[in-house]
Amino acid sequence: MHSNCASIALVLCMFYVLLIHDHVESRPQYHRGTFSAVKTDRPIIGILAQKTDGYLKKTFGPTYIVASYIKYIESAGGRVVPIRNNLSEEQLEKLFHSINGVLFPGGGANVFNSPYERTGKILFNLAVKANDVGDVFPIWGTCLGFQFLSVLGTGGENVISPVDGENYSVPLNLSEDYKSSRLLGSAPEQIITSLETLNVTFNHHRECISTDTYNSNEKLHKFYRLLSSNRDKEGKKEFVSTIEAHDYPFYGVQWHPEKNSFEWSTGEAINHSKEAVLVTQYVADFFVDQARLSEHRFASKEEEDAALIYNTLQSTVSRK
């Protein structure tokens with residue numbers, strides 16, 4: 001099942017940007033619904049890689065991560081470890097206990113039968129078990145990753161349906177109780193105003209979780225709370241656009257927060273305004289703050305250094 005929500009910007013190099021933004025208020029910390037202390041000021045996020053196809057595979061190798069996701073995490077003070085999709089379950093478990101959060105990115109992978117699905121499912125189950133015993137570990141899903149989180153929250157049911165959701169930016173239709181959420185509850189007024197009134201959330205997907213499906217699927221709405229919805233380009237079909245788990249630090253958006261600041265593809269309706277960039281920064285800050293609540297760490301500095309994305313980038317450049 002394909003979501004077609006990633007552009008073909010591959011990880012070839014890293015760019016560092018300074019985002020000058022308004023003060024962001026303290027956001028709620030997570031520990032099974034209560035407050036939790038910060039465990040690290042050096043958070044590391046694992047980003048799930050995807051298979052390349054066709055000429056991309058010949059040029060760049062078997063897997064890729066879109067560069068904007070990496071820059072998005074780094075803009076909030078996190079570092080990135082690539083999660084390859086050929087790791088054994090034992091290797092994944094070791095990596096899980098070394099990193100502080102996972103990001104499931106958008107793309108075109110099959111969320112029911114693919115290396116993306118296999119790897120992501122293992123990490124999701126590990127995160128559930130860890131959080132159940134107070135070992136905080138957040139997960140973020142964007143676009144395809146959001147759909148994948150929705151499927152996993154139901155235990156594997158197909159809750160995905162087609163939608164005309166490609167290449168447009170819109171405000172969010174926030175739920176009535178969004179103020180009690182972790183993700184948006186303490187967002188500055190400026191962020192909420194932008195989300196509600198401006199075209200700051202970029203959509204680029206052919207599939208969705210419809211609000212009808214969300215409301216009728218007991219497993220889905222018991223696992224996740226709906227924070228916002230939107231309609232397709234013609235205004236006909238309503239779909240879920242932002243969620244957070246009731247009992248876990250798991251968050252998902254059908255839209256692409258990473259693109260406002262870091263992608264400049266010709267012909268794409270990405271909003272690069274100050275307001276849109278501030279939304280990107282708020283969301284990145286929130287997720288990396290959640291990762292700071294995790295006490296996972298690598299066994300040694302040498303292992304940590306070897307796992308970071310910089311080594312992948314250096315080897316990619318050296319092969320050119």
Donor-acceptor under 3.5 Å ([X] side chain, [Y] main chain):
X	Y	result
T242	L227	no
N271	N199	yes
S265	E268	no
N230	G165	no
W255	C143	no
T201	S169	no
Q50	G106	yes
S241	S228	yes
H246	H221	yes
T40	E295	no

Any chance you could measure [X], atom [atom1], to [Y], atom [atom2], to the nearest 0.5 Å?
X	Y	atom1	atom2	value
Q91	I122	CD	CD1	10.5 Å
C208	K237	SG	NZ	4.0 Å
Q254	I209	CD	CD1	7.0 Å
E166	D232	CD	CG	12.0 Å
I65	I309	CD1	CD1	4.5 Å

query = In the hydrophobic cluster built from side-chain contacts under 4.5 Å, what are the other members alongside Y168?
reply =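 Cluster partners of Y168: V163, V170, F239.
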task = Among Ile, Leu, Val, Met, Phe, Trp and Tyr joined by side-chain contacts under 4.5 Å, find the other residues sharing a cluster with I270 and list them by chain and number.
result = F202
Any Lys/Arg nitrogen of [X] or [Y] sitting under 4.0 Å from an Asp/Glu carboxylate oxygen of the other?
X	Y	value
R225	D177	yes
K219	E157	yes
E304	R79	yes
D132	K129	no

message = Can you pull out every side-chain hydrogen bond (donor to acceptor under 3.5 Å, both in side chains) where at least one residue sits in residues 114-124? Sequence neighbours excluded, please.
response =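 Of all non-adjacent pairs touching residues 114-124, none passes side-chain hydrogen bond (donor to acceptor under 3.5 Å, both in side chains).
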Decide yes or no for [X] and [Y]: does some side-chain heavy atom of the first lie under 4.5 Å from some side-chain heavy atom of the second?
X	Y	answer
P249	N131	yes
S294	R292	no
S210	T213	yes
V159	S150	yes

inquiry  = Once side chain to side chain donor-acceptor pair (under 3.5 Å) is applied, do any residues pair with T63, and if so which ones, sequence neighbours excluded?
reply    = none
Residues forming a side chain to side chain donor-acceptor pair (under 3.5 Å) with R297, sequence neighbours excluded =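 Once residues adjacent in sequence are excluded, R297 has no partner under the side chain to side chain donor-acceptor pair (under 3.5 Å) criterion.
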ring-ring contact (aromatic ring centres under 6.0 Å, His included) between F250 and F124, intermediate numbers included = CA-CA 9 Å; F250 302 164; F124 179 88; 5.3 Å; yes
key: Single-linkage hydrophobic cluster W264~V200, side-chain heavy atoms < 4.5 angstrom   =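 Each belongs to a different hydrophobic cluster.
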key: Hydrophobic cluster membership, Y310 vs I45, 4.5 Å side-chain cutoff   =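 Result: yes, single cluster for both.
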message = Between H256 and E258, is the side chain to side chain donor-acceptor pair (under 3.5 Å) condition met? List the steps.
response = CA-CA 6 Å; H256 283 269; E258 80 287 347; 2.7 Å; yes
Partner residues of H296 under the ring pair (Phe, Tyr, Trp, His ring centres under 6.0 Å) criterion, sequence neighbours left out =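 Here the qualifying residues are F96, H97, F137.
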task = From the options F287, Y69, F104, select the one residue that forms a side chain to side chain contact (heavy atoms under 4.5 Å, CB included) with W140.
result =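 It is F287, the one option of F287, Y69, F104 that forms the side chain to side chain contact (heavy atoms under 4.5 Å, CB included) with W140.
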query = Looking at F146 versus Y251, is the centre-to-centre ring distance below 6.0 Å?
reply =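 When the ring centroids of F146 and Y251 are compared, they turn out to be at least 6.0 Å apart.
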query = Between I73 and L103, is a side-chain contact (heavy atoms from CB on, under 4.5 Å) present by the stated rule, with each step listed?
reply = CA-CA 9 Å; I73 293 299; L103 192 158; 4.0 Å; yes
